Amino acid sequence: MARDYQARCAARLTVPTFLSIDRDVTLNGSETVTVELKPLNFRWVRNNYLTADELELTAVYKDLQVDPRILQYANIEFYLANTYPTGTLKKTRENLRFAGTVYRTKVVAPETDGWRVEFRAYDYRFNFINMPVTTPELFPTANETLEQAYVRIQQHVGFHDVEGEVITSSVSNIPVEFRGSADPNKTLGGAVDSIFTILGANMIHKHSKTAWDVWTVLCQAAGGYITFMDVDKVVVQDVESYYADEVAANFEWGSNILSCEMDADSANNTKGLVLRSFNPIAGTYLESFWPPIHSIYRAKKRRVAAQDKVAKSVTDYEVVDCSWVQTQDQLDALAHVAYLERQRENLRGKLTTHEMQVENILGEPFDLLNLRAGDAIRAAVGRNDQEQLILFDGFSARKQYLLTRGYSDEMATLIARSTDGLRNLSAEYHVSSVAIGIDNIGGDDPKYSCDIEFHNIIQLHGDAIVGDKATSLNP
Amino acid sequence: MSTEWRFEQLDGPKRIIKLVGYAAPFGRPRQKPLYSDKNSLRQTVTRYPDSIKEPTHHTFGTRRHDLELSGRWMDNKLGAGAAAALVSQFDQFVDDAVRCRVSWGDVNSYVGYLESIESRWESSTQVAWTLIFSTDSKDGDAVVRTIPELDHKKNTQRLVDALGIQVIPAINARGGWKPDLLDAIDSAIASIAGFTGSLAKIAGQFSNLESATANELQRFRGAINQLRTAIIKYQGTIGFALADFALFVRQSETDIAWFQYQHMASRQNSIALAILADLERDTVLAERGKNKTSYTARTGDTWESIAIQIYGDPEGADALRAANGVKLGVLPVPGKKYKVPQK
């Protein structure tokens, strides 16, 4: 596969007229001005669906000789593509990688360089995330549909117009799209007792601190859906179709990995685990905590003040969706196994590549500009010896092989004894975040890089397995 | 082909400076180019650890590098005070800090900023200068040009063509020329024809100026000077001759015919002189590029003037003195042969 790239990027600012922010932030008509930017460098980070994507971009100041305060509420569109061999970037929907709101504008004049403007922007999720729940009217009622709930939230996310005593929406131009089998007409009360639906009870969630919290919980409650931002629209999708066409991108040492680090940190295992399963047919939720929630309370009772108990109980557990398990007993058993396996397997890592395109595990092209948090990747680093070892029978043969490969006696012993335990661990991981950037675009030494942070998928094939519930979890 | 250098501001005061002849930048064939025009890819190449695959290439466009021009302004060639005036003009050009275009005849043209002018005063009338032009783009970057023919034979042929139609109009029928003037004109045209022939003959003896021997270049330059003298003499003959002096009988028709002839001949002579100037300059530059191993001093020579003739700048004077074991302050002896070290 050819590895020639011409990465080209462009950005467009849509700037509201200064101080019109309280009156209208929907950027309509003549109250906005569009400014084309030539980036000097950028870093675009795709986070998981609970966190807004970020863009940091620097442009030449001579293009923007204005007070930076004018630009701080601008909307920004960012285009990026591999344009080889033409070198011409088209500002099409396909090449639109990021759309969001500038939350910080900084003018800098370094001693040895010209004036520059640095922008930091979050995608439109930030408008939801940044909006604390200040009014109960934001919560829909149990007899409303998911689509109606979105409209309600949309109407209550924005800025208070003091004169009119109303909220002017800051997200009114962000549409919602239902993909796969996600049903916009699903009634929110389907997952709770039908009496609430009949009564039209308010769907208040006590842990929802922001509008985005409310929306994600409602999507899960309505049908186990996940919701995320696809550039400039909110998408609701069922889990099955979200992962249906996913074929892992393949990274191999000696082929496309420039640097890599892997970290097995037992400090990551201190949190409890809660497995959660939604049954779309019954419209019910199952949850299983491990360690059981009362044991944590008991352990901390002596040292934790009473008023902190609720908050601690939320932060001490890591939530994992596990929709294929449909009974409470199964879920409880799996929670225990998953907790033990996580302690053995937990791994986080980061790799850097300079590629814009790699092959997936089927050998087909995979565009890394489309890689997002939650996608699967295969990262094979230092696995050659591990895979070879499985071919040898017995501890002695494996140790002998390792000694011939140059390992010390102690390390050869350790690896040879651990081979059976490691053999079932896959080299497939889930992407935690993707950061793509180019430094010094206009200079003599421009640099493109793609940093991928990943974590493992817990394999329930290991020594801690109980029964025959062989499967995997994504923590 | 014009070799004028033109510096034109595109914004601000919109000043224009033109450099021609001895004021223009110069280089030395095979040793120092007139200027370097460099265009390079902005590219990063990644070779992965332990990889035997082809490396990854990221290209981010091209970069055109800065131009450096240098030369020498001398009052004795350009007129009193010209060197100081040019330094002042270019200082002002840099101070203006506006975008400008620099063009070299119809050969090349660049847009960017005049970044610096460095003037090194060698005497009150002589300045060596270096100019840095920060290039943003080259005009016609997208146009692929064909390579033009750049040889002395072509210029010589242009010269022959320019001088080949020196025809005395048939004025005799209506009153005739005065014999003295007619003889002078005949003689001048005969000289021009003779020297043009010898120039063309010498030009045909070598394929290009750079490969010509020093002797061939010297003869070629001699022929250029002879032809130039003949043309100037011819121009003087007809240029200052009044109609009363030229014609026996003056009528409106003969007057018109005479003035037409005067005008046409002057124009042809100007074209021929311009071509000769080009040829001479190319020849001088080629001569400077020759690696001399010795030099015979002439009356009035200084070590600096010899260094300028050989190396193109006076900075080689110390090397000349050192190679010949001469102390500082001792002048070259006319007629003596000195070693010329390779710089």
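Below, read A as the first sequence line, B as the second, and so on, with proteins coming before strands; counting in each chain starts at 1. Since this is a predicted model, take the numbers as computed values, not measurements.
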(request) Compare every heavy atom of P446(A) with every heavy atom of F60(B), then report the nearest pair and how far apart it is. (result)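 Heavy atoms of F60(B) and P446(A) come nearest at CD1-CG, 3.3 Å.
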(message) If I measure from the heavy atoms of chain B, does I257(A) come under 4.5 Å with its side chain, its backbone, both, or neither?
(response) backbone
Can you pull every donor-acceptor pair closer than 3.5 Å across chain A and chain B?
from, atom 1, to, atom 2, distance (Å)
R3(A), O, H57(B), N, 3.0
R3(A), NH2, E54(B), O, 3.2
Y5(A), N, H57(B), O, 2.8
Y5(A), O, T59(B), N, 2.9
Y5(A), O, T59(B), OG1, 3.4
Q6(A), NE2, T59(B), OG1, 3.4
R8(A), NH1, T59(B), O, 3.0
W253(A), NE1, D50(B), OD2, 2.9
G254(A), O, S51(B), OG, 3.2
S255(A), OG, K53(B), NZ, 3.2
T353(A), OG1, Y48(B), OH, 3.3
H354(A), N, Y48(B), OH, 3.0
H354(A), O, H58(B), NE2, 2.6
H354(A), ND1, T46(B), OG1, 2.6
E355(A), N, Y48(B), OH, 3.4
E355(A), OE2, Y48(B), OH, 2.6
E355(A), OE2, T56(B), OG1, 2.4
I441(A), O, R42(B), NH1, 2.5
I441(A), O, R42(B), NH2, 3.3
G443(A), O, R42(B), NH1, 2.8
D444(A), OD1, R63(B), NH1, 3.3
D444(A), OD2, R63(B), NH1, 3.0

(request) Not counting sequence neighbours, which residues clear salt bridge (Lys or Arg N to Asp or Glu O under 4.0 Å) with K91(A)? List them please. (result) E36(A)
